[in-house]
Amino acid sequence: MNNPINNDNNWVVLKFGGTSVAKAEHWQTIAEIVAARINEGFRPLVVHSALSGVSNALSALVAKATEATTGNEAFDVDVDGDVEALKQQHLTLASELGLDGAKLLQPFFDELSVLLADIRSSGSAAPVVEARVLALGELMSTTLGANWLQSHDLFADKTPIHWQDARQLLKSVNQPKKSARSQVLSAVCAHEFEQELSDQLSTLHGVVLTQGFIARSENGDDVLLGRGGSDTSAAYFAAKIGAQKLEIWTDVAGVFSADPRLVRGAKLLKELRYDEMQELSSMGASILHPRAIPPVRKSSIPTFIRSTLQPQVEGTRVADDVAFGAPQVKAISIQRGTVLVSLESFGMWHEVGFLADVFAIFRDLGLSVDLISTSEANVTLTLDANINALNEGALTQLRQGLEKICRVKIINSTAVVSLVGAKIRALLYEIGPALEVFEEYPIYMVSQSASDLNLSFVVDESQAEQLVKKLHANLVSQNQNAIFGPTFEALQQMNVEAHPQQVKPAPQKWWVEKRSELLKMASEEQSVYVYDTSVIDAALARLKSLSNVDRIFYAMKSNNHAEVLSHVYDAGLGFECVSPNEVDAIFKLFPNISTERVLFTPNFAPRVEYEQALARNIQVTVDNVFPLKNWPEVFAGKEILLRVDPGMRKGHHRHVRTGGKLAKFGIPLEDVNEAIALATASGAEVVGIHSHVGSGILDAENWSRIGHVILEAVDSLPNLKYLNLGGGLGVVENPNDQPLDIIALDETLAEIKAARPEMEIWLEPGRYVVAEAGVLLGRVTPIKSTDEIRYVCITTGMNSLLRHELSDSY
Ligand code: ASP
Ligand code: MG
């Protein structure tokens, strides 16, 4: 392709991020990438960031130095220690690269000392001084980078590497509407083609290497392009010199259909249009700075996002020749820390100027509005806490201003979940099922862009991740469209194959290991369940390792085979029973079991069941106020637990989530103190609170969260003896899921335990003990083939494996 601006122009701009440049071993990859582009006939302009963490460290130093006014020795020591650590980080990398770091970097170290001394003595840092300090990060890293590349065999003698000071190359433009501070720390540059710059760089033969993030203002001050601004620098350079392409090299293999830390099955997007990329990067996918897109978009410069950790992966290509294609959701992004402002005014309809008055208040406070939706009497909008300086003071001022013209409600900690892709509107009908998560949680706002590229939901921040997972499973996971590349998981696996020594192999499933034994058993039966007791014992051992849990009751409804129960008994656990028959079975099997180890937790049980259980002296959980109100005499003189509903519904499927407003289980939190009073009036003593929110939960924080909610609500029992946090400990079904982290679960309970050492914490897992221990074997019966489908029939059916029908198991 010929560049429209200059036929001889063959620039490629290569940008490397902080994690790429911070490690010596990645520099070898960088050298190979640069050399490969030269071989392909390109002229590389390399732009790179400071070593990862350095900009943060410099910024913290500026803040500390302002406090470290003379005479405050503790601060001085602190600042000096940080400076030393920063120097060491660079010197270590230099020595790993075989460079004389002390010599190369001394001028920058000296400058840092002088600048910090100035800040210390004046007790404040003007924005230009702060910019000069932060610029040092990129100046130091590029000095090492350029010197190392020059010494590399691939370049030595043949190709000069020209280190250039970006402040001499990039001029920022005046933005009179912006504050002086953001003009300096969040400067912008023009991004038209610049003949002069192009000529200037063209005269340098070889590779040009310069800094991201930094530029100079019209009046000669150092300025920064905003945090994360190296992407923007690279895009400016690409546009200004009319590059053939821009490559952004980072530590993830491209843009994914969701944050891979959240959704392991997120898929690599092979191609995106600029407008889609703009939506994604503005909506919180922090892979490419949103300001980097307009420059390349305007000049139609194809932009590639790739990983220095996996240079063989093609990554994501962003360009304007990408077809719109069929309507589909390409990615789901999440933007946290949003503040929602809801304004109510009854006289708004047909009134001229209401919105103008509202927005004037936001403008005067320097707050930028993100999403907005209006109706006759209400205007709802969001502010992005990441770009707005939203401290309590700013919000109070905002509220005061707005209250003069309307009623105001401000909701902190919401998040925006956005679907991005072409013609989203056509997909509304598919989105419905995913929103089922929101049966009980508010969606504060739905907003759809007129461009039909994005549909956003504003929800409580605590619910956002769940929504992303759900939406991804419904709308992306199934989609086999060619724009989707491998999943994050698969790419990780490739990495594993490339560096096998670094990774432990996943343990073989026992039924694979013991295949021949199983086949032998199967040959003796038509169909049979087989349980491996060593798997049960291992699960029991994991549970017993929970140091902050005092008692564990096995929920025997998950499997009541006598041998399973014996293993549980031998491990010293108790039993959670939901029917008198289950209680009978336990006493029959283990006649000497202590009553402390038997817990009866019925739901809507008749009076006689409570009476029998209490007569047996086992622990009894009462799960609603009806028995206490109507049969108080049954409980007189007895110790009971109350089951409360903490109002959180959790679980892998709608049918197994038991908490929440619509649930039949448990006493609503707001009624629990009243229930305690009723119990006390009946002559019973409430010794414990129980709560169980659902099953199949893999989030380790679930149980401590329940604990905190309960302890906060139940204030009439300062001497609570037992806190039963229920079961629901999940096992992995879908291989994309991460197993429940038992150690993390234990750690999250430590705080509760420390605060209430005298109180016992209980858990009642069921499936966690047995789910992975069993297989169902069946024989193949007739095979039936139609033109399209081959049915392999087996000797078992829904009669022996009903669960997947009930709850869409994987
Ligand atoms: N070093 C700068 C920062 O951390 C710029 C960048 O890395 O993109 O914000
Ligand atoms: Mg970045």
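Residue numbers count from 1 along this sequence. In listed order, ligands and their atoms are each counted from 1.
Side-chain atoms of W163 and T142 include a donor-acceptor pair closer than 3.5 Å. Between S307 and D251, the side chains place no donor N or O within less than 3.5 Å of an acceptor N or O (distance only, hydrogens not considered). Using modelled atom types and a 3.5 Å distance limit, the side chains of E461 and T414 yield no donor-acceptor pair.
Assignment of E138 to the shell around ligand 1 is supported, since a heavy atom sits closer than 4.0 Å. At least one heavy atom of G228 sits closer than 4.0 Å to an atom of ligand 1. Under a 4.0 angstrom heavy-atom cut-off, G229 registers as being in contact with ligand 1.
The ligand atoms of ligand 1 that sit less than 4.0 angstrom from a heavy atom of S230 are 5 (C), 6 (C), 7 (O), 8 (O). When each atom of ligand 1 is checked for a heavy atom of S49 under 4.0 Å away, the hits are 6 (C), 7 (O), 8 (O).
Taking distance alone, with nitrogen or oxygen atoms compared against 3.5 Å, R227 approaches ligand 1 more closely than that limit.
Residues W27 and H48 bring their aromatic ring centres within 6.0 Å.
Here the options are I214, L224, V223, the test is side-chain contact (heavy atoms from CB on, under 4.5 Å), and the partner is S172; only V223 passes.
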